[in-house]
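First up is the structure itself, then whatever we jot down about it.
In what follows, every chain begins at residue 1, and chains take the letters A, B, ... in the order their sequences are listed. Just the heavy atoms: all of them, side chains too, but no hydrogens, waters or symmetry mates, feed the values below.
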Amino acid sequence: MPTSWSDSAEKAPAGGVGATTRASRTNYVPPHLRNRPPSVDTTSAPVSHYGAAVGNGHQGHGGPNPTGIRSGGPRNDSSGGSSSRGGGAWNNRNNGWDHGRARESNPFQDELDTEEAFGAQENTGINFDAYDDIPVETSGKDVPAPVNTFAEIDLGEALNLNIRRCKYVKPTPVQRYAIPIALAGRDLMACAQTGSGKTAAFCFPIISGIMKSSQSGPRAPRVPRMAFPLALILSPTRELSLQIHEEARKFAYQTGVRVVVAYGGAPINLQLRELERGVDILVATPGRLVDLLERARVSLQMIRYLALDEADRMLDMGFEPQIRRIVQQMDMPPPGLRQTMLFSATFPKEIQRLAADFLSTYVFLAVGRVGSSTDLIVQRVEYVLETDKRSHLMDLLHAQRANGDQGKQALTLVFVETKKGADALEHWLCINGFPAAAIHGDRTQQEREYALRSFKSGKTPILVATDVAARGLDIPHVAHVVNFDLPNDIDDYVHRIGRTGRAGKTGLATAFFNENNSSLARPLADLMQEAHQEVPAWLSRFAARSNFGRNRRGGGRFGSRDFRRDTSFNRGGMDSYGGGHINNGYVASGGYSGGYGPTTVTSAWD
DNA sequence: AAAAAAG
């Protein structure tokens with residue numbers, strides 16, 4: 001199995017403006033396939049990392065002290081599978097949240113269960129070619145050069161050890177570029193395809209930065225029962241925050257960096273207790289964070305890192321006021337005094353413009369075709385009348401069941417438009433002999449998390465979901481995404497189908513299309529064409545028809561929503577972007593829309 | 001019009 005995805009990749013011209021590089025002959029090894037690590041005993045290797053890593057401790061447990069020299073002896077590592085740590089390094093560690101860390105459970109344990117349930121991962125038949133020749137683009141001032149290996153980056157031994165524990169062999173494309181940029185302290189707007197390792201891309205630099213500055217950074221004030229996180233990671237759904245937290249905990253394991261999650265629908269007291277134990281990195285959904293801020297249980301004044309996952313979603317109409325409030329109207333340091341990183345697979349232009357408010361001279365990074373689906377997903381569109389949808393779904397599921405191997409559960413994720421629709425379809429599937437669960441915003445948080453677990457484990461291999469599950473969730477083994485109801489926005493479609501075809505695996509996405517979706521015809525047809533999918537002739541006819549009234553549909557969002565926009569960043573070839581303008585750190589409209597190929601239409605920015 | 005996010 002290829003382990004080196006980018007050994008021959010060119011370095012991006014440092015200092016270039018509008019630099020464009022193409023990682024040549026790459027063999028991308030996605031996260032979940034990196035289970036052939038060099039044989040390192042990752043659990044017993046002594047840790048010797050730079051000096052002291054630090055917990056941002058609560059004062060009650062001996063938190064930050066003005067000398068910068070942390071007290072406390074070697075930690076009691078009862079859960080890490082190693083009884084003797086590598087000596088002195090641990091001795092200067094801050095044990096500000098000793099109690100918390102003594103309890104730090106091994107976050108790598110859960111992995112094993114899933115692997116067992118689904119059997120060993122196959123490493124054959126993966127289409128690594130899909131990652132060859134992946135277009136990468138950076139723009140901004142003095143863009144740091146990408147790296148080819150984790151070893152090239154000074155992340156620190158403790159973090160490197162966790163990377164090995166995660167079985168990451170080589171950085172993914174977005175990681176190769178984003179990590180050096182972030183480590184250089186630069187603000188970043190990063191676009192990368194679904195399932196390409198974005199979480200690690202912003203977590204590694206944050207964890208590393210917190211570790212490195214542990215003795216030099218300013219000290220948090222001592223305020224009883226108030227937590228002072230150094231980093232804030234916001235995401236649009238509770239389950240995604242949960243997932244980021246789980247992942248970040250792995251990366252931060254035994255680094256002394258403490259990660260806490262806070263989201264709604266769960267008992268706040270548990271979260272408050274966790275916060276009181278000390279928090280370096282806070283992962284949160286906006287609503288619960290605002291609550292915590294209002295209760296004065298969290299202060300953002302020490303924030304040095306701000307990461308928005310699914311950033312375009314976080315800045316769209318529904319979320320923007322809340323995000324502005326958190327980022328601009330509380331006590332968070334302004335751009336320039338904090339490092340801000342925005343990540344998403346899609347990034348509409350108008351949202352990019354909005355995002356500039358939160359950034360300071362940032363680097364724009366695009367890996368792959370922005371807003372595009374990956375070639376690993378086979379996309380099908382079928383014309384299905386509203387009244388026929390259920391029986392059609394049944395046919396698909398029957399066929400799938402017939403084809404599927406006995407032991408292997410092929411997970412199917414079915415997206416519907418409404419919460420009521422999700423309930424109804426789940427019920428209907430169940431009474432027709434298909435074990436299904438449903439997840440949507442009217443379910444209790446317990447029900448939501450149970451449904452997701454039940455789906456992941458294969459207990460209910462069908463999950464009916466609203467858009468709550470459309471973004472970011474990493475659910476291994478989803479073989480099929482069905483858009484029972486198509487979304488109105490092509491970006492939502494991109495995120496939905498991105499739940500399959502992850503980690504280098506192929507996936508299937510089937511959409512039920514009818515007259516109700518005519519507004520999506522054109523963007524959908526365009527997207528499929530870019531992804532080298534077969535576009536049915538009838539869909540093209542729909543597209544041509546909707547094209548006629550296209551100017552009208554702009555009225556919905558931000559005055560003009562340009563459906564042509566950036567679904568294919570690469571339509572005319574990424575290389576042609578070389579002339580892009582940089583204006584105050586962001587890509588100006590002229591450069592942005594220029595070079596986008598034959599279908600270029602007036603930019604929404606113009 | 002719907003979904004999400006606080007309770």
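The residue A:Arg471 sits apart from the nucleic acid: no heavy atom pair falls under 4.0 Å. If you check every strand for non-hydrogen atoms under 4.0 Å, A:Val468 touches sugar and phosphate atoms only. Residue A:Gly264 is classed as a sugar-phosphate contact, given heavy-atom separations below 4.0 Å to backbone atoms only. Among the atoms of the strands shown, base atoms are found under 4.0 Å from some heavy atom of A:Arg313.
One N or O donor and one acceptor, one from the side chain of A:Asn488 and one from the base of B:dA1, sit under 3.5 Å apart.
For A:Asp489 and B:dA3, the CG to P distance is 16 Å, given to the nearest whole Å. Following rounding to the nearest Å, A:Leu292 (CG) and B:dA5 (C1') show an atom-to-atom distance of 13 Å. In this structure, A:Arg443 places its CZ atom 18 Å from C1' of B:dA5, rounding to the nearest Å. With rounding to whole Å, A:Asp309 atom CG is found 14 Å from B:dA5 atom P. The NE2-C1' distance, from A:His440 to B:dA2, rounds to 13 Å in whole Å. Distance CZ (A:Phe319) to C1' (B:dA5): 5 Å, rounded to an integer number of Å. One interatomic measurement links the two molecules: NE2 of A:His495 to P of B:dA2, which rounds to 22 Å at whole-angstrom precision. Rounded to whole Å, the distance from CG on A:Leu486 to C1' on B:dA3 is 16 Å.
Put simply, A:Arg448 has no side-chain N or O that comes within less than 4.0 Å of OP1 or OP2 on B:dA4. For B:dA2, neither phosphate oxygen OP1 nor OP2 lies less than 4.0 angstrom from any side-chain nitrogen or oxygen of A:Lys420. Residue A:Thr285 places none of its side-chain N or O atoms closer than 4.0 Å to OP1 or OP2 of B:dA4.
In this view, A:Ile323 and A:Leu234, A:Pro286, A:Leu308, A:Met314, A:Leu315, A:Phe319, A:Val327, A:Phe358 satisfy the side chain to side chain contact (heavy atoms under 4.5 Å, CB included) rule, not counting sequence neighbours.
Taken from OG in A:Ser235 to CZ in A:Arg313, the straight-line distance is 10.5 Å, to the nearest 0.5 Å.
Defined by atom type and a distance below 3.5 Å, a donor-acceptor pair is missing between the side-chain atoms of A:Gln339 and A:Arg186. Side chains of A:Gln243 and A:Asp474: a donor-acceptor N/O pair is absent below 3.5 angstrom, by distance only.
Heavy-atom contacts from other residues, nucleotides or ligands closer than 6.0 Å to CD of A:Gln446 number 12 or fewer.
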